[in-house]
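Notes follow once the structure below has been shown.
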Amino acid sequence: MDNRPIGVFDSGLGGLTVVKEIMKQLPNESIIYFGDDGRTPYGTKSRETVIKYTKQDLAFLLSMDVKLVVVACNTVSALALPEVRPAINVPVLEVIEPGARSALKKSKRGRIGIIATPATTQSGVYPRAIRNMNPNVQIFSQACPLFVNLVEEGWWDNEITRMVAEEYLKELKQAQIDTLVLGCTHYPLLANTISDVMGDEVTLVSSAEELSVTLKELLHKEKLESPDEHATYRYYTSDSVEKFRKLGKMILGKEISNIERVDMENYEQKACKF
Ligand code: DGL
């Protein structure tokens, strides 16, 4: 039994979609969340920059004495985690493998689409993870960079977002996919629009649900489950607390308090150990 918090981080607010699912499935677990809103998006940046930011994010999160780290960001999972993972001294979960597993479970005709940031798409991690589990599926990838900005703007379901979605998704529609992986933390917030554009016959998949199941199993296996009945939640952002409060409330569907601003420059030196 271990009542220390779980550390979750993302390039911005989108990772709260993962936090929401963890809160639902693991109500006893306390969470410390860090969103690097001051430097988002990561998905259009180079691998070197994403690795540099990730090291600082980890230095901050691990300084908070978390018992486990959840990398909610697909871009970090794809580009930086393989390099930094060996230096992390607590268990780590990422989002690519759970997303890939979930897509294979849900796909009926083996025609799987993946939408993600340009960095995640170019890395090819999702197709690799899916093919490692089942080489007999057809995979179609599409980067949707503007989706992140639309979400951060709070435009989840309006005419402009719909037009952008139609443009990005037209080739996936032509490819007649049956399952679509939302390979970016922000995209589940556009699920209504994406589903309207793709049609009812396409199943949308996000990593959060499957990741939470894996997390539950891991906590049990490592004897890290929390005995507490009253979980606490603390949030940290590298940008405006007010913006975090406003958008965070929209994502989690409830008021949030305990938000603090953190200056990532203070973690540059500590990041060297990764
Ligand atoms: N959190 C990122 C991801 O899941 C999306 C936002 C960004 O580009 O930073 O890939």
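Order of listing sets the numbers, starting from 1, for every ligand and every atom in it. Position 1 is the first residue of the sequence; numbering continues from there.
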Step-by-step side chain to side chain donor-acceptor pair (under 3.5 Å) determination, D57 to Y267: CA-CA 8 Å; D57 301 345; Y267 292 88; over 6 Å; no
Would you say [X] has any N or O atom under 3.5 Å from an N or O of ligand 1, going by distance alone?
| X | answer |
| --- | --- |
| T120 | no |
| H186 | no |
| G43 | yes |

Pair T193-W156, side-chain contact (heavy atoms from CB on, under 4.5 Å): steps then yes or no: CA-CA 8 Å; T193 305; W156 298 358; over 6 Å; no
Side chain to side chain, V8 and I32, heavy atoms closer than 4.5 Å: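 Of all side-chain heavy-atom pairs linking I32 with V8, none is under 4.5 Å.
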Electrostatic pair [X]:[Y] at N-O distance under 4.0 angstrom:
| X | Y | result |
| --- | --- | --- |
| K67 | E29 | yes |
| R47 | E83 | yes |
| K243 | E152 | yes |

Numbering as shown, the atoms of ligand 1 that approach T117 to under 4.0 Å (heavy-atom distance):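 Reading through ligand 1 atom by atom, the close ones are 5 (C), 8 (O), 10 (O).
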Atom indices of ligand 1, in the order listed, that fall short of 4.0 Å to a heavy atom of Y42: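 By the 4.0 Å cutoff, the relevant atoms are 7 (C), 8 (O), 9 (O).
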Protein heavy atom at shortest distance from atom 6 (C) of ligand 1: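 Here the nearest protein heavy atom works out to S11 OG, 3.4 Å.
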Identity and separation of the nearest protein heavy atom to atom 5 (C) of ligand 1: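 Checked against all protein heavy atoms, atom 5 (C) of ligand 1 sits closest to C184 SG, 3.1 Å.
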Once you restrict to heavy atoms under 4.0 Å, what part of [X] touches ligand 1? Side chain, backbone, both or neither.
| X | answer |
| --- | --- |
| T40 | side chain |
| T185 | both |
| T75 | both |

Polar side-chain atom of W155 near backbone of I160 as donor-acceptor pair, under 3.5 Å: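 Flag not set: sc W155 to bb I160 has no pair under 3.5 Å.
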Close approach, G14 and ligand 1, non-hydrogen under 4.0 angstrom: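 No.
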CA sep, side-chain torsions, deciding dist, call: R162, D157, salt bridge (charged side-chain N to carboxylate O under 4.0 Å, His left out): CA-CA 7 Å; R162 192 165 301 259; D157 202 357; 3.1 Å; yes
